[in-house]
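What follows is a single structure, written as structure tokens, with notes after it.
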Amino acid sequence: MTTRIDRDGSLVAALRRGDPTAAEDLVAAYGDRACRLATRITGNAQDAEEAVQDAFLSLIRKIDTFRGDSAFGSWLYRIVANAAYQRCRRRRGSGADISLDELLPAFDKHGCHVAPVADWSMSVDDPARQTELRMVLSTAIEKLPAHYRAVVVLRDVEGLSHQEIAETLGLTAVNVKTRVHRARLFLRKQLETHLSGQTSKSLAPLTPRGHHQSFFTRVRRKRD
């Protein structure tokens, strides 16, 4: 942690001085992670690359406004995320994002699913279906609005805490937790739709709670 803080402090000082190598040092320190975040938000390598370039140029211009109230990395990721969101809006148009309210599972007044819910969790442990399920999950993530896609990927793929995501994206921890929950519900519904058409005869009623979270964790582990 001390090394990370010291390196960021030296980097910030170099950027403020306008050192000739400061921009290269910035890319070396954060380029790969910034590209990963931007790619997962935009879903497009070219848009992600342009978003990171825009973000880094903006950061260099605005470096004097960084006051150290949050970690430098969180401040940088926030700028990268905003640049990626702008790319999404330019590509799709401001009204193109789907409404999760129209796609989330329906619940009754007691908070229970209105429609029967099937337990497809055993499919996750079937090696023959791992590639298929990863592709289905990846496609489902791409259907999420960018701001939901960012939080669920940072949480369930990167493993960041709610507080870390909040600092990264400039949100409250409560907002992050809500978005992660809603995104997981949406992804679960997409997976259920896919799997119910293929394994409906072998599925049993779902009784335990939280299967969707364990599924994402297991898919992430399989991927890694």
Testing the basics here: between [X] and [Y], what is the closest heavy-atom pair and its distance to 0.1 Å?
{"X": "R179", "Y": "H147", "answer": "NH1-CB, 3.5 Å"}
{"X": "R149", "Y": "C88", "answer": "NH2-SG, 4.1 Å"}
{"X": "A51", "Y": "R87", "answer": "CB-CG, 3.9 Å"}
{"X": "I41", "Y": "A84", "answer": "CG2-CB, 3.7 Å"}
{"X": "A48", "Y": "A38", "answer": "CB-C, 3.6 Å"}
{"X": "A150", "Y": "Y85", "answer": "CB-OH, 3.4 Å"}

For the aromatic rings, using the six-membered ring if either is Trp, is the centroid distance between F72 and F66 under 6.0 Å?
yes

Can you tell me how far apart [atom1] ([X]) and [atom2] ([Y]) are? Round to the nearest 0.5 Å.
{"X": "Y148", "Y": "H181", "atom1": "OH", "atom2": "NE2", "value": "11.0 Å"}
{"X": "Q46", "Y": "T39", "atom1": "CD", "atom2": "OG1", "value": "11.5 Å"}
{"X": "I165", "Y": "S74", "atom1": "CD1", "atom2": "OG", "value": "11.0 Å"}
{"X": "K143", "Y": "F186", "atom1": "NZ", "atom2": "CZ", "value": "6.0 Å"}
{"X": "R40", "Y": "S138", "atom1": "CZ", "atom2": "OG", "value": "10.5 Å"}
{"X": "L59", "Y": "L15", "atom1": "CG", "atom2": "CG", "value": "6.5 Å"}

Would you say [X] and [Y] make side-chain contact, with heavy atoms under 4.5 Å?
{"X": "D8", "Y": "Y30", "answer": "yes"}
{"X": "L169", "Y": "L154", "answer": "yes"}
{"X": "E50", "Y": "T42", "answer": "no"}
{"X": "H162", "Y": "R155", "answer": "yes"}
{"X": "W75", "Y": "T65", "answer": "yes"}
{"X": "N82", "Y": "I79", "answer": "no"}
{"X": "Y77", "Y": "E167", "answer": "no"}
{"X": "D64", "Y": "R16", "answer": "yes"}

Tell me if a side-chain donor or acceptor on E24 pairs with a main-chain N or O of T21 at a distance below 3.5 Å.
no

Hey, is the main chain of D47 close enough, under 3.5 Å, to the side chain of N44 for a donor-acceptor pair?
yes

Side-chain donor-acceptor pair under 3.5 Å between T172 and N175, yes or no?
yes

Is the number of heavy atoms from other residues, nucleotides or ligands under 6.0 Å of D32 CG greater than 12?
no

May I ask whether L26 and L57 are part of the same hydrophobic cluster, defined by side-chain heavy atoms of I, L, V, M, F, W, Y residues being less than 4.5 angstrom apart, directly or through others?
no

